[in-house]
Peer 1: 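One structure, pasted below without further comment.
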Amino acid sequence: MGAIVGYRRVSSSDQNLDRQLEGVELDEIFEDKASGKDTKRPALQECLRFLRKGDTLVVHSIDRLARNLGDLERMVAELNNKGVAVRFEKEQLTFSGDDNPMNVLMRQMMASFAQFERALIRERQREGIDAAKAKGKHLGRTASLTTSQVAEIKSRVAAGEAKKTLAAEYCVSRPTLYAALERIVV
C-alpha cells in the first residue's frame, strides 16, 4: 500500500489551511497559499513529483486542486495513469482510473462549478475596479514622489545635481526617479 499524501490550498496568505483535511491521517502533506487559477503553484508541483504508483492524493475539495476543468481533468488523468488515486474529501469522490461514468460526470460538474465561480469572482473584481475608477479613486500603489517633489527634483537636476544623489536623498531607487521625471511634466 502506498502513501496517503495530502494537498491543501488557500488563495491568500491571510487565510487559514487548518480546516482542510482536519482529522485525515496523512503520511505527507503539501500546502500552497496561492490562487487556483492555474497549476503553477510550488507545493502542487512538488506534490505531483512526489507521488508514486500506489499512492493516494487526498484533497479537501475539487476547487482546492483546480479552478479550471481542463487543469483538473489533466491532473487526475496523469495521476491515474501513474497509478495514483485521487480522493476529494468534501465531495466524497475517489478517482483511480477505472471510474464509472457517474463519478466522471460528478468530477466534471464540480470542476465546472469551480471554474464558473472563479469567472464570477473576476467579473465582480473588474466591476469594482471600474466603479472605483468612475468615482475618481486612485487604484494601485501610491506614488513614491509627489508632484511638488518631482518639480523640485527637476529644477535641481537642471541646476546640475546628480540624479543618483537626489534618488538617495528622496529615498527612492534611480529607476523610480527616472520614471517620475519622464512621467510628470511640470
Side-chain angles (χ1 to χ4, degrees), residues 1-135 137-141:
M1 184 166 156
I4 306 298
V5 178
Y7 176 73
R8 303 190 310 178
R9 180 190 69 79
V10 290
S11 297
S12 63
S13 59
D14 62 334
Q15 292 177 317
N16 195 328
L17 290 161
D18 293 343
R19 71 174 184 84
Q20 294 180 27
L21 304 179
E22 189 175 33
V24 177
E25 198 69 34
L26 302 168
D27 298 313
E28 189 74 34
I29 191 156
F30 296 86
E31 300 174 342
D32 271 317
K33 291 191 174 189
S35 170
K37 67 178 178 170
D38 58 35
T39 61
K40 295 175 184 150
R41 293 172 256 151
L44 175 62
Q45 293 304 315
E46 187 181 346
C47 177
L48 296 174
R49 286 189 299 274
F50 177 86
L51 291 162
R52 300 288 179 256
K53 183 177 184 173
D55 291 350
T56 301
L57 174 63
V58 183
V59 184
H60 176 70
S61 63
I62 287 174
D63 68 334
R64 299 296 87 200
L65 185 61
R67 286 239 185 214
N68 174 298
L69 177 60
D71 288 344
L72 179 73
E73 287 295 295
R74 189 183 69 259
M75 276 192 287
V76 170
E78 287 173 3
L79 289 168
N80 287 170
N81 289 338
K82 251 171 82 164
V84 175
V86 181
R87 186 172 84 218
F88 298 101
E89 287 295 303
K90 186 175 177 184
E91 293 87 355
Q92 297 182 6
L93 294 171
T94 301
F95 302 98
S96 57
D98 56 352
D99 306 315
N100 68 47
M102 183 57 81
N103 274 2
V104 172
L105 175 64
M106 290 297 295
R107 178 179 70 224
Q108 291 173 345
M109 282 187 349
M110 297 306 290
S112 294
F113 291 141
Q115 184 172 321
F116 175 67
E117 182 180 32
R118 171 135 176 79
L120 288 177
I121 289 168
R122 287 190 3 240
E123 183 179 336
R124 286 192 300 267
Q125 182 181 34
R126 169 73 10 229
E127 288 170 355
I129 290 168
D130 290 344
K133 282 182 181 178
K135 291 179 181 177
K137 292 190 178 179
H138 175 76
L139 300 175
R141 219 178 108 184

Peer 1: Roughly how far, to the nearest 0.5 Å, is the CG atom of Asp130 from the NZ atom of Lys135?
Peer 2: 12.5 Å

Peer 1: Can you name the nearest heavy-atom pair linking Gln45 to Thr39, along with the distance?
Peer 2: NE2-O, 2.6 Å

Peer 1: List the steps, then state whether side-chain contact (heavy atoms from CB on, under 4.5 Å) holds for Asn16 with Val10.
Peer 2: CA-CA 7 Å; Asn16 195 328; Val10 290; over 6 Å; no

Peer 1: Testing the basics here: between Gly6 and Leu21, what is the closest heavy-atom pair and its distance to 0.1 Å?
Peer 2: CA-CD1, 3.9 Å

Peer 1: Counting heavy atoms not belonging to Lys33, are there more than 12 under 6.0 Å from its NZ?
Peer 2: yes

Peer 1: Do Leu79 and Leu51 have side-chain heavy atoms sitting under 4.5 Å apart?
Peer 2: yes

Peer 1: Please name the pair of heavy atoms, one in Ala66 and one in Met75, separated by the smallest distance, quoted to 0.1 Å.
Peer 2: CB-CE, 3.9 Å

Peer 1: Please step through side-chain contact (heavy atoms from CB on, under 4.5 Å) for the pair Lys53 and Val84, ending with a clear verdict.
Peer 2: CA-CA 5 Å; Lys53 183 177 184 173; Val84 175; 5.9 Å; no

Peer 1: First locate atom CG of Asp63, then atom CZ of Arg9, and finally report the distance between them rounded to the nearest 0.5 Å.
Peer 2: 6.5 Å

Peer 1: Should Val5 and Leu26 count as side-chain neighbours, where that means a heavy-atom distance under 4.5 Å?
Peer 2: no

Peer 1: Side chain of Glu91, backbone of Ile62: donor and acceptor closer than 3.5 Å?
Peer 2: yes

Peer 1: Would you say Asp55's side chain and Gly2's backbone share a donor-acceptor pair under 3.5 angstrom?
Peer 2: no

Peer 1: Using the rule side chain to side chain donor-acceptor pair (under 3.5 Å), only one of Arg41, Glu28, Arg64 pairs with Tyr7; which is it?
Peer 2: Arg41

Peer 1: Are the charged groups of Arg74 and Asp71 less than 4.0 angstrom apart, N to O?
Peer 2: yes

Peer 1: Taking Asn68 for the side chain and Gly70 for the main chain, is one N or O donor matched with an acceptor at less than 3.5 Å?
Peer 2: yes

Peer 1: Check whether any side-chain heavy atom of Val24 sits under 4.5 Å from a side-chain heavy atom of Glu89, and report yes or no.
Peer 2: yes

Peer 1: Which value, rounded to the nearest 0.5 Å, describes the distance between Ile121 atom CD1 and Glu123 atom CD?
Peer 2: 11.5 Å

Peer 1: Give me the atom names and distance for the closest heavy-atom approach of Ile4 to Glu25.
Peer 2: CG2-O, 3.6 Å

Peer 1: Is any side-chain heavy atom of Phe88 less than 4.5 Å from a side-chain heavy atom of Thr94?
Peer 2: no

Peer 1: Please walk me through it: do Gln108 and Leu69 pass side-chain contact (heavy atoms from CB on, under 4.5 Å)?
Peer 2: CA-CA 7 Å; Gln108 291 173 345; Leu69 177 60; 4.1 Å; yes

Peer 1: Say whether, by atom type as modelled, one donor and one acceptor occur between the side chain of Gln20 and the main chain of Val59 under 3.5 angstrom.
Peer 2: no

Peer 1: So for atom NZ, which belongs to Lys90, do other residues, nucleotides or ligands contribute more than 12 heavy atoms lying within a distance under 6.0 Å?
Peer 2: no

Peer 1: Taking C-beta and beyond as the side chain, do Leu65 and Leu72 meet within less than 4.5 Å on heavy atoms?
Peer 2: yes

Peer 1: For Arg8, run the side chain to side chain donor-acceptor pair (under 3.5 Å) check against His60, Glu31, Glu22 and tell me which one passes.
Peer 2: Glu31

Peer 1: Between Asp32 (side chain) and Leu44 (backbone), is there a donor-acceptor pair under 3.5 Å?
Peer 2: yes

Peer 1: Considering all heavy atoms of both residues, which atom of Phe95 and which atom of Asn80 are nearest to each other, and what is their separation?
Peer 2: O-ND2, 3.1 Å

Peer 1: What's the shortest heavy-atom distance between Ala3 and Asp27, and which atoms?
Peer 2: CA-OD2, 3.3 Å

Peer 1: Return yes when atom CD of Gln15 has more than 12 non-hydrogen atoms of other residues, nucleotides or ligands closer than 6.0 Å, and no otherwise.
Peer 2: yes

